[in-house]
Q: 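Below is a structure I'd like to ask you about.
In this text the structure is predicted, and so the values were computed from the model without any measurement.
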Amino acid sequence: MYREYQNISLLPYHTFGMDVEAARMIEYDRVADLKEIIRRENLSQMRYLHIGGGSNLLFTAPYDGLILHSLIREIRTEREDEKEVVLRVGAGMVWDDLVAYCVEKGYYGAENLSLIPGEVGASAVQNIGAYGAEAKDIILEVQAIDTTTGHVRIFPKEECEYAYRKSIFKTAPYHNRYIITHVVYRLGKQPVFQLDYGNVRQQLAAYPEINIENVRKAVIEIRKKKLPDPAIEGNAGSFFMNPVVKKEVYERIAEQYPAAPYYNVDEEHVKIPAGWMIEQCGWKGRSLGRAAVHDKQALVLVNKGETTSAEVIALAEAVREAVRERFGIDIRPEVIYV
């Protein structure tokens, strides 16, 4: 079944804490219902936005089109042997609920992605990542509905063109043409951990042993220390993407900042933490109007109370300009302006 709403507040449907309205919204919990909505609404010919947990959105005005939201939340084991398990998961499932499920079952590969906000469908769109892991590492295929035909299309991981915070689902002609209904993940059943990104290993030193449950606990503790709770301070998590640059660009920066952090991407490129550059520019903890750079993690912009989207955008542009002026690098928003 599906439920339709008129002139609905989106406050519960995004994490920046701004009370904007949508003209219409439909929530559905079956693929058959989504197909009916596509047919009835002639979806490919109208303005619509499919949302997940709204943790990567900044609404700049009331939305005068149709908002869609999936409530498909089942987990089904597709196959399993002594080495791995393949799970088919509904796009509307809360991402961290899936991670908790995997950890409880002893399925390895998702634990470093604990406490990332959002839903399963968004994991495949955004290629979410943290602490050395990315969704693409465990995605096997993505199942979607083509809004121009109403037919199911299956995208093997290789066709999704995953890169850092990128996939074909974020670009034309795929963006807004395909609605993800399920994501299929392949997880290991043998203990393999990634502990050398950030301070995960350091946090684990407080635990008697390294196991999947403790890795999840450590990641959650780190995130809670660094990142604000959206229920208290509205935010969209990391506002900017960490820039990937050529090694010679980093070497130029390192001449002035010998301790500048970086992570190798390939033989020619490195990733520089945008939060570190923002902090070097003196923006950590500073405000512009009622929007602020978080005082513990400079990558996060927060709503200090009744902040407008215009104030958030003005702050974001001021931060970007400061980083461009000092480092010659353009840090791009990860958050989508709607």
Q: When you check the gap from the basic side-chain N to the acidic O, do Glu233 and Lys304 get nearer than 4.0 Å?
A: yes
Q: Going by an N to O cut-off under 4.0 Å, is there a salt bridge joining Glu4 and Arg40?
A: yes
Q: Transitively linked via ILVMFWY side-chain contacts under 4.5 Å: Leu140 with Leu87?
A: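 Different clusters: Leu140 never reaches Leu87 through Ile, Leu, Val, Met, Phe, Trp or Tyr contacts under 4.5 Å.
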Q: Give a yes or no on whether a salt bridge exists between Glu317 and Arg320, defined as a side-chain N under 4.0 angstrom from a carboxylate O.
A: yes
Q: Which atoms form the tightest heavy-atom contact between Val265 and Val270, and what is the distance?
A: CG2-C, 3.8 Å
Q: Under 3.5 Å, is there a donor-acceptor pair between the Arg216 and Ser114 side chains?
A: yes
Q: Check the hydrophobic clustering (I, L, V, M, F, W, Y; side-chain heavy atoms under 4.5 Å; chains of links allowed) and say if Val142 and Ile116 are grouped together.
A: yes
Q: Run Tyr257 and Phe327 through ring-ring contact (aromatic ring centres under 6.0 Å, His included) and show every step you take.
A: CA-CA 11 Å; Tyr257 300 91; Phe327 295 100; 5.4 Å; yes
Q: Mind telling me whether His50 and Tyr28 have parallel, tilted or perpendicular rings, with 30° and 60° as the class edges?
A: perpendicular
Q: Flag the pair Glu161 and Lys170 as a salt bridge only when some basic side-chain nitrogen lies within less than 4.0 angstrom of an acidic carboxylate oxygen.
A: no
Q: Is there a path from Trp95 to Tyr13 through hydrophobic residues (I, L, V, M, F, W, Y) whose side chains come within less than 4.5 Å of each other?
A: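 Unlinked, Trp95 and Tyr13 end up in two clusters.
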Q: Hey, what's the ring geometry for Tyr178 with Phe155, parallel, tilted or perpendicular (30° and 60° as the breaks)?
A: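 Rings of Tyr178 and Phe155: perpendicular, as their planes differ by over 60°.
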Q: Which pair of non-hydrogen atoms, one from Ala163 and one from Glu134, has the smallest distance, and what is that distance?
A: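 Closest heavy-atom pair between Ala163 and Glu134: O-OE2, 4.4 Å.
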Q: One pair to check against side chain to side chain contact (heavy atoms under 4.5 Å, CB included): Glu82 and Lys189. What are the steps and the verdict?
A: CA-CA 7 Å; Glu82 68 280 359; Lys189 297 179 73 174; 5.9 Å; no
Q: Anything under 30° is parallel, anything over 60° is perpendicular, the rest tilted; go ahead and classify Tyr108 against Phe193.
A: perpendicular
Q: With rounding to the nearest 0.5 angstrom, report the CD to CD1 distance, Glu104 to Ile212.
A: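 The CD atom of Glu104 sits 11.0 Å away from the CD1 atom of Ile212.
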Q: Can we say Asp295 and Lys284 salt-bridge, meaning some charged N sits less than 4.0 Å from an Asp/Glu carboxylate O?
A: no
Q: Tell me whether Leu68 is reachable from Leu71 by hopping between hydrophobic residues (I, L, V, M, F, W, Y) whose side-chain heavy atoms are closer than 4.5 Å.
A: no
Q: Are the aromatic ring centres of Tyr107 and Tyr185 under 6.0 angstrom apart?
A: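 For Tyr107 and Tyr185, the ring centres are not under 6.0 Å apart.
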Q: Measure the spacing between CD of Gln126 and CZ of Arg165 and express it to the nearest 0.5 Å.
A: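 Gln126 CD to Arg165 CZ: 8.0 Å, rounded to 0.5 Å.
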Q: Between Ser167 and Asn127, do the side chains contain a donor N or O and an acceptor N or O under 3.5 Å apart?
A: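 Short answer, no.
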Q: Give the cluster check for Phe169 versus Val89: same hydrophobic cluster or not, with ILVMFWY residues linked at side-chain heavy-atom distances below 4.5 Å.
A: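 Shared cluster, yes.
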Q: Check Arg39 with Glu36, please: is the shortest side-chain N to carboxylate O separation under 4.0 Å?
A: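 The answer is yes: the pair qualifies as a salt bridge.
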Q: Looking at Glu78 and Arg76, is there a salt bridge between them, counting it only when a charged N and a carboxylate O are closer than 4.0 Å?
A: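 Between Glu78 and Arg76 there is a salt bridge, with a charged N closer than 4.0 Å to a carboxylate O.
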Q: Near Arg332 CZ, under 6.0 Å, is it more than 12 heavy atoms from other residues, nucleotides or ligands?
A: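 Check fails, neighbour count at 12 or below.
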Q: Among Ile336, Leu301, Val338, Val335, which one satisfies side-chain contact (heavy atoms from CB on, under 4.5 Å) with Leu58?
A: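 Of all the options given, the one that passes is Val335.
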Q: Please find the pair of heavy atoms, one from Ala135 and one from Ser123, that lie closest to each other, and give the distance.
A: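 So the minimum-distance heavy-atom pair works out to CB-O, 3.5 Å.
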Q: Would you verify whether the NZ or CZ of Lys271 falls within 45 degrees of the ring axis of Tyr262 while also being under 6.0 Å from that six-membered ring's centre?
A: no
Q: If you measure only the distance, is there a donor-acceptor pair under 3.5 Å linking the side chains of Glu119 and His69?
A: yes
Q: Is there a donor-acceptor contact under 3.5 Å linking the side chains of Arg153 and Gln143?
A: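 Judged by distance alone, the side chains do not pair up.
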